[in-house]
*Asks:* 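Input: one structure, supplied below.
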Amino acid sequence: MIFELSEEQLAVQAAARDFAQKELKPGVIERDSKMIYPTEQVRQMGELGFLGMMVSPEYGGGGMDSVSYVLAMEEISKIDNSCSVIMSVNNSLVCWGIETFGTEEQKAKYLPRLASGEWIGSFCLSEPEAGSDATSQRTTAIDKGDHYLLNGTKNWITNGGTSKLHLVVAQSDLEKGHRGINVFIVEADSDGVSIGAKEDKLGIRSSDTHTIMYTDVKVPKENRIGEDGFGFKFAMKVLSGGRIGIAAQALGIAAGAYELAVDYSKERAAFGKPISKHQAIAFKLADMATEIEAARLLVYRAAWMKDQHMNYDTASSMAKLYASEVAMRQTVEAVQIHGGYGFVKEYHVERLMRDAKITQIYEGTSEIQRLVISRDIVRNGNLYVPILPPTGVTV
Ligand code: CAA
């Protein structure tokens, strides 16, 4: 590795690995099959500090860097991606967004609850007709003096059924286009908030994904984050960081499937020797290892750039684009290496293959990541960024 991890970062990685193996692995197949929300596991994640890793200690968080966060995401995602998406949304979209752009009152009121896991947060941007085209918000938040009146529907909301705090993106002034969009902290028990049925999904099945309806919800003015019209930029900023978390999730999925495939291929014999010694399998393992290592470099680099306060938008999109494509490709290979066993739940790889798909879709599809990267190329030309630029360089 080019990056040298600190003792603290290695300790976080070891703690996450231990937690995932001991506490998440035992029930993960049943939770996935029956779509059981991991209530106890989320409680434990809060207790262990995985839900507010980057939140400052003064607000009850771990005060850690983004590299520590992706190390933990990677380990947890090797085992349970319902838990890791709950963790990712809470950490990098909700907590980071409030801490970076919120008022002192908002931070003091909400971060301690979110960082401890007493409350889980959700990020409500997507709508039935506004997914990739995020500027086309139909949810409205009309200024009524001392409050905004919120009306609309949000789709595919991770943590939708359990979250006590929603970050809701809504249009306040259609004439201003995306500059009329605001973002609000909405408490889930506010009058007029209703939650649709839990989605029955291909993967990450025990996480709760819901449609949320807002009907004449009165949102206090002090719950708006940032200046009037800051909502779209807020969404773009938090998604840049969020994509590093999803990239780490994809990396964990790929690495988890790879580790299972290596172990299985050493144990399983065919034609008189372990299948790992047949070139057909050995070359697959070589390709898997190479692609995963390349994805790991991109993911760690994006996290490191964020920690250095560099512009990480493109690095984050590259990490998510590549890691999610690797996760999809390599989980299919892991199932193939397991043969018939790979097709049954007991061997875990089919679940990782199903979980991999969403990493190419949520927090910006692969196509959106290509759009972000290509716009930067066209605008700024050569994108070469050294892996370890001198510290202090900011873009
Ligand atoms: N930081 C700050 N500002 C940014 C920005 C960034 N990274 N990216 C764009 N902006 C600003 C632009 O500067 C521009 O502002 P001005 O006009 O004032 O200069 C404004 O935002 C509009 O930008 P664009 O013209 O580039 O907007 P666009 O309509 O072409 O779309 C997009 C940009 C990148 C495609 C964006 O719409 C996008 O990211 N779409 C995908 C949305 C997405 O990721 N959804 C995921 C849902 S959330 C989720 O999945 C969470 C979950 O539950 C797991």
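Count residues from 1 along the sequence. Each ligand, and each atom within it, is numbered from 1 in the order the structure gives. Please read all numbers here as calculations on a predicted model, not as lab measurements.
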*Asks:* Might you confirm whether atom CZ of R138 has over 12 heavy atoms from other residues, nucleotides or ligands at distances under 6.0 Å?
*Replies:* no
*Asks:* Taking atom types as modelled, is there a side-chain donor on K154 or T211 under 3.5 Å from an acceptor on the other?
*Replies:* no
*Asks:* Within the 3.5 Å criterion, strictly below it, is a donor on S206 or D32 matched to an acceptor on the partner's side chain?
*Replies:* no
*Asks:* Looking at the rings of F19 and F50, which for Trp means the six-membered one, are their centres under 6.0 Å apart?
*Replies:* yes
*Asks:* Once ring-ring contact (aromatic ring centres under 6.0 Å, His included) is applied, do any residues pair with F184, and if so which ones, sequence neighbours excluded?
*Replies:* Y148
*Asks:* Which N or O atoms of ligand 1 sit under 3.5 Å from a protein N or O, and how far apart is each pair?
*Replies:*
residue	atom	partner	partner atom	Å
ligand 1	7 (N)	D313	OD2	3.2
ligand 1	17 (O)	H178	NE2	2.9
ligand 1	17 (O)	R179	NH2	2.9
ligand 1	18 (O)	R179	NE	3.0
ligand 1	18 (O)	R179	NH2	3.2
ligand 1	18 (O)	K233	NZ	3.2
ligand 1	26 (O)	R375	NH1	2.7
ligand 1	30 (O)	R375	NH1	3.0
ligand 1	30 (O)	R375	NH2	2.9
ligand 1	37 (O)	S132	O	3.3
ligand 1	39 (O)	R243	NH2	3.1
ligand 1	40 (N)	S132	O	2.8
ligand 1	44 (O)	R243	NH2	2.9
ligand 1	44 (O)	G364	N	3.0
ligand 1	50 (O)	E363	N	2.9
ligand 1	53 (O)	T158	OG1	2.9

*Asks:* Under 4.0 Å between a Lys/Arg side-chain N and an Asp/Glu carboxylate O for E47 and R43?
*Replies:* yes
